[in-house]
A.B. asks: 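One structure coming up, written as C-alpha coordinates, with questions to follow.
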Amino acid sequence: MQLRGRVLSVASECVPLIKTGGLADVVGALPAALAAVGWEMRVLMPAYRALRVRLAGMTEVWFEADLFGGEGRVFAGEVAGISVLLLDAPHLYDREGGPYSGPGGDWPDNARRFAALSWVGARMAREGFGGWKPDVLHAHDWQAGFAPAYLAFGGAAGVASVLTIHNIAFQGWAPASALMDLRLPFQQFHPDVLEYYGGLSSLKAGLVTADRITTVSPSYAAELMRPEFGMGLQGVIAARAGVVSGILNGVDTGVWSPEAEPVPYSVTAMKGKAANRAEICAEFGLDVPGPLAILVSRLTDQKGIDLLAGTIPDFIAGGGGLIVLGSGDPALEGAVLGLQARHGGRVAVRIGYDEALSHRLFAGGDAVLVPSRFEPCGLTQMYGLRYGTVPVVSAVGGLADTVIHASPAALAAKVATGIVFHPVDGVALGQALRGLLALYADRATWAQVQKNAMRQAVGWEASAAAYAALYEGIAR
Ligand code: ADP
Ligand code: GLC
(Lines give C-alpha, C1' and ligand atoms only; values in the text may rest on other atoms or scores of the structure.)
(Ligands and ions follow the chains in the order given, each with its own letter.)
Protein backbone atom coordinates (compact mmCIF):
# COMPACT_ATOMS: atom_id res chain seq x y z
CA MET A 1 0.00 0.00 0.00
CA GLN A 2 1.38 3.35 -1.06
CA LEU A 3 1.85 5.85 1.80
CA ARG A 4 -0.72 8.61 1.44
CA GLY A 5 0.16 10.54 4.57
CA ARG A 6 1.00 10.60 8.26
CA VAL A 7 -1.14 11.31 11.29
CA LEU A 8 -0.20 12.05 14.89
CA SER A 9 -3.06 10.86 17.09
CA VAL A 10 -3.16 12.48 20.55
CA ALA A 11 -5.26 10.74 23.20
CA SER A 12 -5.44 9.80 26.86
CA GLU A 13 -6.28 6.11 26.41
CA CYS A 14 -5.35 3.38 23.97
CA VAL A 15 -6.05 -0.36 23.97
CA PRO A 16 -4.11 -2.49 24.91
CA LEU A 17 -2.20 -0.03 27.13
CA ILE A 18 -4.97 1.58 29.16
CA LYS A 19 -8.74 1.73 28.86
CA THR A 20 -11.63 3.25 30.76
CA GLY A 21 -14.13 3.24 27.87
CA GLY A 22 -14.74 2.97 24.15
CA LEU A 23 -12.34 5.84 23.45
CA ALA A 24 -9.44 3.47 24.13
CA ASP A 25 -10.83 0.84 21.77
CA VAL A 26 -11.14 3.37 18.98
CA VAL A 27 -7.72 4.99 19.49
CA GLY A 28 -6.16 1.53 19.56
CA ALA A 29 -7.99 0.31 16.45
CA LEU A 30 -7.47 3.30 14.18
CA PRO A 31 -3.74 2.79 13.39
CA ALA A 32 -4.24 -0.65 11.82
CA ALA A 33 -7.47 0.39 10.12
CA LEU A 34 -5.79 3.45 8.61
CA ALA A 35 -2.64 1.59 7.61
CA ALA A 36 -4.87 -0.51 5.38
CA VAL A 37 -5.81 2.63 3.43
CA GLY A 38 -2.34 4.13 3.27
CA TRP A 39 -2.24 6.42 6.32
CA GLU A 40 0.49 5.94 8.89
CA MET A 41 -0.68 6.82 12.39
CA ARG A 42 1.33 7.21 15.59
CA VAL A 43 -0.35 7.54 18.97
CA LEU A 44 0.91 10.01 21.60
CA MET A 45 -0.34 9.39 25.15
CA PRO A 46 0.82 9.85 28.75
CA ALA A 47 3.14 7.34 30.40
CA TYR A 48 0.91 6.69 33.40
CA ARG A 49 2.55 4.84 36.30
CA ALA A 50 1.49 1.42 35.04
CA LEU A 51 2.99 2.13 31.61
CA ARG A 52 6.41 3.35 32.78
CA VAL A 53 7.84 -0.19 32.85
CA ARG A 54 7.60 -0.15 29.07
CA LEU A 55 9.89 2.86 28.66
CA ALA A 56 13.03 0.77 29.12
CA GLY A 57 12.49 -0.92 25.75
CA MET A 58 11.70 2.33 23.92
CA THR A 59 13.74 5.13 22.32
CA GLU A 60 13.74 8.72 23.56
CA VAL A 61 12.66 11.00 20.71
CA TRP A 62 11.70 14.26 22.42
CA PHE A 63 12.68 16.32 25.44
CA GLU A 64 11.00 19.26 27.18
CA ALA A 65 13.05 20.92 29.92
CA ASP A 66 10.02 22.65 31.41
CA LEU A 67 6.79 20.85 30.73
CA PHE A 68 4.38 22.63 33.04
CA GLY A 69 6.59 22.31 36.10
CA GLY A 70 8.95 19.42 35.38
CA GLU A 71 10.82 17.57 32.66
CA GLY A 72 8.98 15.73 29.91
CA ARG A 73 10.38 13.03 27.64
CA VAL A 74 8.70 11.19 24.80
CA PHE A 75 9.65 7.59 24.11
CA ALA A 76 8.82 5.81 20.87
CA GLY A 77 8.17 2.11 20.49
CA GLU A 78 5.79 -0.50 19.25
CA VAL A 79 3.03 -2.10 21.30
CA ALA A 80 0.78 -4.73 19.75
CA GLY A 81 1.59 -3.42 16.28
CA ILE A 82 0.77 0.17 17.25
CA SER A 83 3.44 2.82 16.91
CA VAL A 84 3.22 4.42 20.35
CA LEU A 85 4.74 7.62 21.73
CA LEU A 86 4.68 7.69 25.53
CA LEU A 87 5.02 11.06 27.22
CA ASP A 88 6.92 10.51 30.45
CA ALA A 89 6.48 13.43 32.85
CA PRO A 90 6.51 11.96 36.36
CA HIS A 91 5.29 15.17 38.01
CA LEU A 92 2.08 14.83 35.98
CA TYR A 93 1.47 11.14 35.36
CA ASP A 94 3.46 8.96 37.74
CA ARG A 95 0.64 8.52 40.26
CA GLU A 96 -1.33 5.79 41.95
CA GLY A 97 -4.78 5.53 40.40
CA GLY A 98 -6.53 5.84 37.05
CA PRO A 99 -5.78 8.23 34.18
CA TYR A 100 -8.10 10.92 35.51
CA SER A 101 -8.55 10.24 39.19
CA GLY A 102 -6.84 8.89 42.27
CA PRO A 103 -8.15 7.53 45.55
CA GLY A 104 -9.48 10.98 46.46
CA GLY A 105 -11.37 11.64 43.20
CA ASP A 106 -10.38 13.57 40.06
CA TRP A 107 -6.80 14.87 40.06
CA PRO A 108 -7.06 18.60 40.83
CA ASP A 109 -4.48 19.43 38.14
CA ASN A 110 -6.18 17.54 35.30
CA ALA A 111 -6.39 20.68 33.15
CA ARG A 112 -2.60 21.06 33.36
CA ARG A 113 -1.90 17.33 32.99
CA PHE A 114 -3.72 17.12 29.67
CA ALA A 115 -2.72 20.58 28.49
CA ALA A 116 0.83 19.23 28.77
CA LEU A 117 -0.05 16.25 26.58
CA SER A 118 -1.62 18.61 24.03
CA TRP A 119 1.33 21.00 24.21
CA VAL A 120 3.81 18.27 23.37
CA GLY A 121 1.50 16.92 20.64
CA ALA A 122 1.30 20.30 18.96
CA ARG A 123 5.07 20.87 19.22
CA MET A 124 5.95 17.45 17.85
CA ALA A 125 3.49 17.86 15.00
CA ARG A 126 4.86 21.28 14.13
CA GLU A 127 8.53 20.39 14.27
CA GLY A 128 8.55 16.71 13.45
CA PHE A 129 10.94 14.32 15.17
CA GLY A 130 13.45 11.71 14.07
CA GLY A 131 12.70 12.44 10.42
CA TRP A 132 8.95 11.93 10.92
CA LYS A 133 6.49 14.80 10.52
CA PRO A 134 2.73 14.34 10.39
CA ASP A 135 0.42 15.88 7.80
CA VAL A 136 -2.45 15.81 10.28
CA LEU A 137 -2.76 16.07 14.05
CA HIS A 138 -5.81 14.09 15.22
CA ALA A 139 -6.93 15.04 18.75
CA HIS A 140 -9.41 12.99 20.76
CA ASP A 141 -11.84 14.48 23.29
CA TRP A 142 -11.18 17.16 25.92
CA GLN A 143 -7.89 15.63 26.97
CA ALA A 144 -6.35 16.59 23.63
CA GLY A 145 -8.57 19.60 22.97
CA PHE A 146 -5.83 22.17 23.46
CA ALA A 147 -3.60 20.49 20.85
CA PRO A 148 -5.31 22.07 17.79
CA ALA A 149 -5.41 25.35 19.73
CA TYR A 150 -1.67 25.41 20.50
CA LEU A 151 -1.06 24.50 16.87
CA ALA A 152 -3.28 27.35 15.63
CA PHE A 153 -1.92 29.94 18.09
CA GLY A 154 1.64 29.14 17.05
CA GLY A 155 1.11 30.33 13.44
CA ALA A 156 1.33 28.36 10.20
CA ALA A 157 2.68 24.89 10.90
CA GLY A 158 2.02 23.00 7.69
CA VAL A 159 -0.02 20.55 9.76
CA ALA A 160 -3.81 20.25 9.59
CA SER A 161 -5.89 19.31 12.63
CA VAL A 162 -8.93 17.19 13.42
CA LEU A 163 -10.78 17.02 16.72
CA THR A 164 -12.96 14.00 17.39
CA ILE A 165 -15.68 14.19 20.02
CA HIS A 166 -16.27 10.83 21.66
CA ASN A 167 -18.28 12.23 24.52
CA ILE A 168 -19.30 15.82 25.03
CA ALA A 169 -20.23 15.27 28.68
CA PHE A 170 -16.57 15.84 29.57
CA GLN A 171 -15.43 19.32 28.52
CA GLY A 172 -12.12 19.92 30.31
CA TRP A 173 -13.21 22.91 32.31
CA ALA A 174 -10.68 25.19 34.05
CA PRO A 175 -11.01 28.62 35.66
CA ALA A 176 -10.02 31.69 33.66
CA SER A 177 -7.18 32.23 36.14
CA ALA A 178 -5.48 29.12 34.66
CA LEU A 179 -4.90 30.92 31.33
CA MET A 180 -1.24 31.76 31.98
CA ASP A 181 -0.48 28.45 33.63
CA LEU A 182 -1.86 26.64 30.59
CA ARG A 183 0.27 28.79 28.26
CA LEU A 184 -2.74 30.20 26.45
CA PRO A 185 -2.63 33.65 24.83
CA PHE A 186 -4.54 36.25 26.81
CA GLN A 187 -5.76 37.99 23.64
CA GLN A 188 -7.67 34.82 22.69
CA PHE A 189 -9.71 34.94 25.89
CA HIS A 190 -13.00 36.03 24.39
CA PRO A 191 -16.24 34.16 23.61
CA ASP A 192 -15.28 33.44 19.98
CA VAL A 193 -12.24 31.44 21.02
CA LEU A 194 -11.23 30.45 24.55
CA GLU A 195 -13.78 31.92 26.93
CA TYR A 196 -16.45 29.43 28.02
CA TYR A 197 -19.07 30.50 30.55
CA GLY A 198 -16.50 32.70 32.25
CA GLY A 199 -13.80 30.02 32.31
CA LEU A 200 -11.92 27.76 29.94
CA SER A 201 -12.81 24.48 28.25
CA SER A 202 -10.18 22.48 26.43
CA LEU A 203 -12.91 20.88 24.34
CA LYS A 204 -14.25 24.24 23.22
CA ALA A 205 -10.70 25.39 22.46
CA GLY A 206 -10.30 22.42 20.14
CA LEU A 207 -13.73 22.91 18.57
CA VAL A 208 -13.02 26.47 17.54
CA THR A 209 -9.46 25.92 16.31
CA ALA A 210 -9.42 22.50 14.61
CA ASP A 211 -9.68 22.39 10.82
CA ARG A 212 -12.26 19.60 11.02
CA ILE A 213 -14.53 18.31 13.76
CA THR A 214 -15.75 14.78 13.75
CA THR A 215 -17.81 12.70 16.09
CA VAL A 216 -18.44 9.00 16.12
CA SER A 217 -21.80 8.71 14.38
CA PRO A 218 -23.80 10.78 11.88
CA SER A 219 -26.79 11.01 14.23
CA TYR A 220 -24.68 12.27 17.12
CA ALA A 221 -23.14 14.88 14.81
CA ALA A 222 -26.62 16.28 14.23
CA GLU A 223 -27.73 15.86 17.85
CA LEU A 224 -24.71 17.81 19.12
CA MET A 225 -26.04 20.97 17.55
CA ARG A 226 -29.17 20.79 19.70
CA PRO A 227 -29.41 21.91 23.33
CA GLU A 228 -30.64 18.50 24.60
CA PHE A 229 -27.38 16.86 23.54
CA GLY A 230 -24.85 19.68 23.10
CA MET A 231 -24.44 20.22 26.84
CA GLY A 232 -23.65 23.91 26.42
CA LEU A 233 -21.47 23.53 23.34
CA GLN A 234 -24.33 23.24 20.81
CA GLY A 235 -23.87 26.82 19.59
CA VAL A 236 -20.13 26.43 19.16
CA ILE A 237 -20.63 23.27 17.11
CA ALA A 238 -23.53 24.62 15.07
CA ALA A 239 -21.43 27.66 14.18
CA ARG A 240 -18.94 25.30 12.58
CA ALA A 241 -21.52 22.98 10.99
CA GLY A 242 -19.72 23.14 7.64
CA VAL A 243 -16.70 21.26 9.00
CA VAL A 244 -18.54 18.81 11.27
CA SER A 245 -19.09 15.20 10.25
CA GLY A 246 -19.99 11.89 11.85
CA ILE A 247 -17.93 8.78 11.17
CA LEU A 248 -19.13 5.59 12.83
CA ASN A 249 -16.72 3.54 14.89
CA GLY A 250 -16.01 0.00 13.88
CA VAL A 251 -15.21 -2.96 16.08
CA ASP A 252 -12.19 -5.23 15.94
CA THR A 253 -13.74 -8.21 14.19
CA GLY A 254 -10.71 -10.34 14.98
CA VAL A 255 -11.16 -9.87 18.72
CA TRP A 256 -14.97 -9.83 18.61
CA SER A 257 -15.75 -12.99 16.72
CA PRO A 258 -18.22 -15.73 17.68
CA GLU A 259 -15.91 -18.13 15.90
CA ALA A 260 -13.25 -17.41 18.53
CA GLU A 261 -15.44 -18.03 21.60
CA PRO A 262 -15.32 -21.06 23.97
CA VAL A 263 -17.94 -22.85 21.90
CA PRO A 264 -17.49 -21.36 18.42
CA TYR A 265 -20.45 -20.56 16.20
CA SER A 266 -21.23 -18.55 13.09
CA VAL A 267 -24.17 -17.29 11.08
CA THR A 268 -24.36 -20.58 9.21
CA ALA A 269 -23.73 -22.78 12.26
CA MET A 270 -25.62 -21.36 15.22
CA LYS A 271 -25.71 -24.43 17.43
CA GLY A 272 -22.73 -23.34 19.51
CA LYS A 273 -24.61 -20.29 20.74
CA ALA A 274 -27.01 -22.44 22.74
CA ALA A 275 -24.08 -24.21 24.37
CA ASN A 276 -22.53 -20.87 25.34
CA ARG A 277 -25.89 -19.84 26.77
CA ALA A 278 -26.16 -23.01 28.84
CA GLU A 279 -22.65 -22.41 30.19
CA ILE A 280 -23.26 -18.88 31.41
CA CYS A 281 -26.64 -19.83 32.87
CA ALA A 282 -24.91 -22.58 34.83
CA GLU A 283 -22.09 -20.22 35.85
CA PHE A 284 -24.59 -17.67 37.22
CA GLY A 285 -27.15 -20.14 38.53
CA LEU A 286 -29.87 -18.92 36.17
CA ASP A 287 -32.85 -20.74 34.73
CA VAL A 288 -34.43 -18.58 32.04
CA PRO A 289 -37.23 -19.91 29.82
CA GLY A 290 -37.46 -16.76 27.65
CA PRO A 291 -34.80 -14.42 26.27
CA LEU A 292 -31.61 -13.97 28.29
CA ALA A 293 -30.65 -10.30 28.10
CA ILE A 294 -27.18 -9.03 28.96
CA LEU A 295 -25.91 -5.56 29.76
CA VAL A 296 -22.18 -4.74 29.73
CA SER A 297 -21.54 -1.12 30.56
CA ARG A 298 -20.25 1.63 32.73
CA LEU A 299 -23.06 2.13 35.23
CA THR A 300 -23.69 5.84 34.80
CA ASP A 301 -26.57 8.17 34.13
CA GLN A 302 -25.62 8.27 30.41
CA LYS A 303 -26.39 4.58 30.05
CA GLY A 304 -30.01 4.70 31.27
CA ILE A 305 -29.37 2.09 33.96
CA ASP A 306 -31.95 3.70 36.26
CA LEU A 307 -34.67 2.58 33.81
CA LEU A 308 -34.08 -1.08 34.65
CA ALA A 309 -35.61 -1.12 38.14
CA GLY A 310 -39.06 -0.22 36.80
CA THR A 311 -39.01 -2.43 33.70
CA ILE A 312 -37.11 -5.63 34.47
CA PRO A 313 -39.72 -7.08 36.90
CA ASP A 314 -42.32 -7.33 34.09
CA PHE A 315 -39.70 -8.74 31.74
CA ILE A 316 -38.90 -11.42 34.33
CA ALA A 317 -42.60 -12.17 34.79
CA GLY A 318 -42.79 -12.70 31.01
CA GLY A 319 -40.04 -15.32 31.14
CA GLY A 320 -36.95 -13.17 30.55
CA GLY A 321 -33.64 -13.09 32.42
CA LEU A 322 -30.81 -10.59 32.81
CA ILE A 323 -27.08 -10.60 33.48
CA VAL A 324 -25.41 -7.26 34.23
CA LEU A 325 -21.66 -6.73 34.08
CA GLY A 326 -20.51 -3.26 35.00
CA SER A 327 -19.38 -0.80 37.59
CA GLY A 328 -19.70 2.89 38.27
CA ASP A 329 -22.16 5.02 40.19
CA PRO A 330 -22.74 3.37 43.61
CA ALA A 331 -26.49 4.16 43.51
CA LEU A 332 -26.84 2.39 40.14
CA GLU A 333 -24.72 -0.54 41.33
CA GLY A 334 -27.14 -0.74 44.27
CA ALA A 335 -30.15 -0.65 41.96
CA VAL A 336 -28.99 -3.58 39.83
CA LEU A 337 -27.87 -5.53 42.90
CA GLY A 338 -31.39 -4.95 44.26
CA LEU A 339 -32.85 -6.57 41.13
CA GLN A 340 -30.59 -9.56 41.66
CA ALA A 341 -31.69 -9.85 45.29
CA ARG A 342 -35.37 -9.76 44.34
CA HIS A 343 -35.14 -12.01 41.28
CA GLY A 344 -32.61 -14.70 42.17
CA GLY A 345 -32.37 -17.36 39.47
CA ARG A 346 -33.39 -14.82 36.83
CA VAL A 347 -31.12 -11.84 37.39
CA ALA A 348 -27.38 -12.00 38.04
CA VAL A 349 -25.04 -9.07 38.57
CA ARG A 350 -21.28 -8.89 38.46
CA ILE A 351 -19.88 -5.58 39.66
CA GLY A 352 -16.47 -5.03 38.09
CA TYR A 353 -14.64 -4.89 34.79
CA ASP A 354 -14.02 -8.22 33.10
CA GLU A 355 -13.16 -8.44 29.42
CA ALA A 356 -13.15 -12.25 29.27
CA LEU A 357 -16.55 -12.49 30.95
CA SER A 358 -17.95 -9.87 28.57
CA HIS A 359 -16.99 -12.14 25.65
CA ARG A 360 -18.75 -15.10 27.25
CA LEU A 361 -21.84 -12.97 27.85
CA PHE A 362 -22.05 -11.85 24.23
CA ALA A 363 -21.55 -15.43 23.10
CA GLY A 364 -24.24 -16.79 25.42
CA GLY A 365 -26.79 -13.97 25.66
CA ASP A 366 -29.88 -13.74 23.46
CA ALA A 367 -30.15 -9.95 23.54
CA VAL A 368 -28.01 -7.01 24.67
CA LEU A 369 -29.64 -4.00 26.32
CA VAL A 370 -28.34 -0.50 25.60
CA PRO A 371 -30.95 1.96 26.92
CA SER A 372 -28.64 5.02 26.78
CA ARG A 373 -29.90 8.59 27.22
CA PHE A 374 -27.24 9.64 24.76
CA GLU A 375 -24.70 7.51 22.94
CA PRO A 376 -22.12 9.06 20.60
CA CYS A 377 -21.52 5.69 18.96
CA GLY A 378 -21.62 2.76 21.36
CA LEU A 379 -19.72 -0.44 20.82
CA THR A 380 -21.71 -3.08 22.68
CA GLN A 381 -24.67 -2.96 20.31
CA MET A 382 -22.19 -3.70 17.51
CA TYR A 383 -20.74 -6.65 19.44
CA GLY A 384 -24.38 -7.75 19.78
CA LEU A 385 -24.92 -7.58 16.00
CA ARG A 386 -21.77 -9.55 15.37
CA TYR A 387 -22.73 -12.25 17.88
CA GLY A 388 -26.40 -12.56 16.94
CA THR A 389 -27.13 -11.22 20.42
CA VAL A 390 -30.03 -9.04 19.36
CA PRO A 391 -29.56 -5.38 20.40
CA VAL A 392 -32.36 -3.60 22.24
CA VAL A 393 -31.39 0.07 22.03
CA SER A 394 -32.72 3.59 22.48
CA ALA A 395 -33.00 5.65 19.29
CA VAL A 396 -30.09 8.00 19.99
CA GLY A 397 -26.71 8.69 18.37
CA GLY A 398 -24.80 5.71 17.08
CA LEU A 399 -27.41 3.29 18.41
CA ALA A 400 -29.97 4.72 15.99
CA ASP A 401 -27.40 4.54 13.18
CA THR A 402 -26.44 0.89 13.65
CA VAL A 403 -29.62 -1.00 14.58
CA ILE A 404 -32.68 -1.48 12.36
CA HIS A 405 -35.90 -1.83 14.32
CA ALA A 406 -37.93 -5.01 13.92
CA SER A 407 -41.01 -3.25 12.56
CA PRO A 408 -43.39 -5.38 10.50
CA ALA A 409 -42.03 -3.82 7.31
CA ALA A 410 -38.38 -4.35 8.27
CA LEU A 411 -39.13 -7.94 9.29
CA ALA A 412 -40.87 -8.59 5.99
CA ALA A 413 -37.94 -7.14 4.09
CA LYS A 414 -35.55 -9.28 6.18
CA VAL A 415 -33.49 -6.26 7.25
CA ALA A 416 -34.46 -5.96 10.93
CA THR A 417 -31.48 -6.36 13.27
CA GLY A 418 -32.87 -5.45 16.69
CA ILE A 419 -35.36 -3.46 18.72
CA VAL A 420 -35.17 0.33 18.82
CA PHE A 421 -37.23 2.40 21.25
CA HIS A 422 -38.00 6.04 21.79
CA PRO A 423 -38.28 8.20 23.87
CA VAL A 424 -35.70 7.13 26.45
CA ASP A 425 -38.01 6.38 29.35
CA GLY A 426 -39.40 3.45 31.29
CA VAL A 427 -42.62 3.25 29.28
CA ALA A 428 -40.82 2.89 25.96
CA LEU A 429 -38.20 0.51 27.37
CA GLY A 430 -40.98 -1.59 28.93
CA GLN A 431 -42.66 -1.80 25.55
CA ALA A 432 -39.36 -2.73 23.89
CA LEU A 433 -38.87 -5.55 26.40
CA ARG A 434 -42.39 -6.84 25.70
CA GLY A 435 -41.47 -6.71 22.01
CA LEU A 436 -38.35 -8.73 22.81
CA LEU A 437 -40.37 -11.42 24.59
CA ALA A 438 -42.74 -11.68 21.63
CA LEU A 439 -39.99 -11.72 19.01
CA TYR A 440 -38.08 -14.40 20.90
CA ALA A 441 -41.20 -16.55 21.15
CA ASP A 442 -41.55 -16.55 17.35
CA ARG A 443 -38.57 -18.82 16.75
CA ALA A 444 -38.36 -18.54 12.96
CA THR A 445 -38.52 -14.76 12.99
CA TRP A 446 -36.02 -14.61 15.83
CA ALA A 447 -33.54 -16.74 13.90
CA GLN A 448 -34.00 -14.46 10.89
CA VAL A 449 -33.27 -11.32 12.95
CA GLN A 450 -30.14 -12.96 14.39
CA LYS A 451 -29.00 -13.73 10.85
CA ASN A 452 -29.69 -10.21 9.63
CA ALA A 453 -27.72 -8.85 12.58
CA MET A 454 -24.74 -11.12 12.05
CA ARG A 455 -24.55 -10.14 8.39
CA GLN A 456 -24.10 -6.44 9.19
CA ALA A 457 -20.66 -5.04 8.42
CA VAL A 458 -19.36 -3.73 11.75
CA GLY A 459 -15.62 -3.73 11.00
CA TRP A 460 -13.44 -0.68 10.45
CA GLU A 461 -13.21 -0.73 6.64
CA ALA A 462 -15.85 1.89 5.80
CA SER A 463 -14.84 4.21 8.64
CA ALA A 464 -11.15 4.01 7.80
CA ALA A 465 -11.95 5.05 4.24
CA ALA A 466 -14.00 7.97 5.58
CA TYR A 467 -11.14 9.16 7.83
CA ALA A 468 -8.69 8.80 4.95
CA ALA A 469 -10.90 10.97 2.75
CA LEU A 470 -11.18 13.54 5.55
CA TYR A 471 -7.40 13.70 6.04
CA GLU A 472 -6.81 13.93 2.32
CA GLY A 473 -9.13 16.92 2.11
CA ILE A 474 -7.15 18.95 4.66
CA ALA A 475 -3.54 17.78 4.41
CA ARG A 476 -1.39 20.71 3.31
P1 ADP B 1 -18.44 4.10 26.62
O2 ADP B 1 -17.17 4.40 25.94
O3 ADP B 1 -19.38 5.25 26.71
O4 ADP B 1 -18.26 3.44 27.95
P5 ADP B 1 -18.81 2.14 24.48
O6 ADP B 1 -19.94 1.23 24.19
O7 ADP B 1 -18.28 2.94 23.36
O8 ADP B 1 -19.25 3.05 25.71
O9 ADP B 1 -17.56 1.32 24.99
C10 ADP B 1 -17.54 0.62 26.17
C11 ADP B 1 -16.48 -0.45 26.08
O12 ADP B 1 -16.14 -0.88 27.39
C13 ADP B 1 -16.94 -1.68 25.34
O14 ADP B 1 -15.82 -2.29 24.74
C15 ADP B 1 -17.50 -2.54 26.47
O16 ADP B 1 -17.54 -3.88 26.15
C17 ADP B 1 -16.51 -2.24 27.56
N18 ADP B 1 -17.00 -2.42 28.93
C19 ADP B 1 -17.76 -1.55 29.64
N20 ADP B 1 -17.97 -2.01 30.89
C21 ADP B 1 -17.35 -3.21 30.95
C22 ADP B 1 -17.19 -4.20 31.99
N23 ADP B 1 -17.73 -4.02 33.20
N24 ADP B 1 -16.46 -5.30 31.73
C25 ADP B 1 -15.92 -5.47 30.49
N26 ADP B 1 -16.03 -4.59 29.50
C27 ADP B 1 -16.73 -3.47 29.71
C1 GLC C 1 -17.50 7.45 24.18
C2 GLC C 1 -18.99 7.24 23.95
C3 GLC C 1 -19.31 5.98 23.17
C4 GLC C 1 -18.34 5.78 22.01
C5 GLC C 1 -16.90 5.84 22.52
C6 GLC C 1 -15.87 5.65 21.41
O7 GLC C 1 -17.05 6.86 25.35
O8 GLC C 1 -19.73 7.26 25.16
O9 GLC C 1 -20.62 6.04 22.67
O10 GLC C 1 -18.58 4.54 21.39
O11 GLC C 1 -16.67 7.08 23.10
O12 GLC C 1 -15.99 6.59 20.39
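Along the sequence shown, residues carry numbers from 1. Computation of the quantities below employed the complete heavy-atom set of this structure, encompassing side-chain atoms and omitting hydrogens, waters and symmetry-equivalent molecules. Each ligand, and each atom within it, is numbered from 1 in the order the structure gives.
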A.B. asks: One pair to check against ring-ring contact (aromatic ring centres under 6.0 Å, His included): Phe170 and Tyr100. What are the steps and the verdict?
C.D. replies: CA-CA 11 Å; Phe170 305 100; Tyr100 318 119; 8.0 Å; no
A.B. asks: Does Phe374 have any ring pair (Phe, Tyr, Trp, His ring centres under 6.0 Å) partners at least two apart in sequence or in another chain, and if so, which?
C.D. replies: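 In terms of ring pair (Phe, Tyr, Trp, His ring centres under 6.0 Å), with neighbours along the sequence ignored, Phe374 is linked to no residue.
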A.B. asks: Atoms of ligand 1 less than 4.0 Å from Asp25 heavy atoms?
C.D. replies: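 It comes down to these atoms of ligand 1: 11 (C), 14 (O).
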A.B. asks: For Lys303, which residues count as a salt bridge (charged side-chain N to carboxylate O under 4.0 Å, His left out) partner, sequence neighbours excluded?
C.D. replies: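 By the salt bridge (charged side-chain N to carboxylate O under 4.0 Å, His left out) rule, Lys303 matches Glu375.
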A.B. asks: Using a heavy-atom cut-off of under 4.0 Å, does the side chain or the backbone of Pro376 touch ligand 1, or both, or neither?
C.D. replies: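 None of Pro376 does.
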A.B. asks: Walk me through whether Arg4 and Glu40 qualify under salt bridge (charged side-chain N to carboxylate O under 4.0 Å, His left out).
C.D. replies: CA-CA 8 Å; Arg4 289 157 83 182; Glu40 183 192 351; over 6 Å; no
A.B. asks: Among protein heavy atoms, which sits nearest to atom 23 (N) of ligand 1, and what does the distance come to when rounded to 0.1 Å?
C.D. replies: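 The protein heavy atom lying closest is Gly352 O, 2.8 Å.
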A.B. asks: Regarding ligand 1, does Trp256 bring an N or O atom to under 3.5 Å of one of the ligand's N or O atoms?
C.D. replies: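 N/O-N/O distance under 3.5 Å: no.
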A.B. asks: Name every donor-acceptor pair, under 3.5 Å, that has one atom in a side chain of residues 322-336 and the other anywhere in the protein, sequence neighbours excluded.
C.D. replies:
residue : atom : partner : partner atom : Å
Asp329  : OD1  : Ala331  : N            : 3.0
Glu333  : OE2  : Gly328  : N            : 2.8

A.B. asks: Between His166 and ligand 1, find which residue part has any heavy-atom pair under 4.0 Å and reply side chain, backbone, both or neither.
C.D. replies: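 It is neither part, as no heavy atom is under 4.0 Å.
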A.B. asks: Please confirm whether the ring centroid of His359 lies under 6.0 Å from the ring centroid of Tyr383.
C.D. replies: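 Between His359 and Tyr383, the centre distance exceeds or equals 6.0 Å.
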A.B. asks: Which of the atoms of ligand 1 are close to Gly22, meaning less than 4.0 Å from one of its heavy atoms?
C.D. replies: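 Those qualifying, in numeric order: 1 (P), 2 (O), 7 (O), 9 (O), 10 (C).
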A.B. asks: Which one holds for Thr380 and ligand 1: side chain close, backbone close, both close, or neither close, with close meaning a heavy atom under 4.0 Å?
C.D. replies: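 Looking at Thr380 and ligand 1, atoms from backbone and side chain both fall under 4.0 Å.
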A.B. asks: Measure the distances from the heavy atoms of Ser297 to every atom of ligand 1 and state whether one is below 4.0 angstrom.
C.D. replies: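 Within the 4.0 Å threshold, so yes.
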A.B. asks: Ring of Trp107, cation from Arg95 - is the NZ or CZ under 6.0 Å from the centre and inside 45° of the axis?
C.D. replies: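 The answer is yes, since Arg95 meets both limits relative to Trp107.
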A.B. asks: When the aromatic ring centroids of His405 and Phe421 are compared, is their separation below 6.0 Å?
C.D. replies: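 That pair fails the under 6.0 Å test.
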A.B. asks: Heavy-atom contact check, 4.0 Å cutoff: does Lys303 meet ligand 1?
C.D. replies: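 Flag set, Lys303 near ligand 1.
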A.B. asks: Do any N/O atoms on Lys19 end up under 3.5 angstrom from N/O atoms on ligand 1?
C.D. replies: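 Yes.
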A.B. asks: Could you pull out every protein residue that has a heavy atom closer than 4.0 Å to ligand 2, ordered by chain and then number?
C.D. replies: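 Heavy-atom contacts below 4.0 Å: Gly22, Leu23, Val26, His166, Asn167, Val216, Asn249, Gln302, Glu375, Pro376, Cys377, Gly378.
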A.B. asks: Are Lys451 and Thr268 linked by a side-chain donor-acceptor pair shorter than 3.5 Å?
C.D. replies: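 Result is no, nothing qualifies.
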A.B. asks: Is it true that Trp256 and Phe362 have ring centroids separated by less than 6.0 Å?
C.D. replies: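 Here the rings of Phe362 and Trp256 have centres that are less than 6.0 Å from each other.
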A.B. asks: Taking the side chain as everything from C-beta on, heavy atoms only, tell me whether Ser9 gets closer than 4.5 Å to Arg42.
C.D. replies: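 They are not in side-chain contact.
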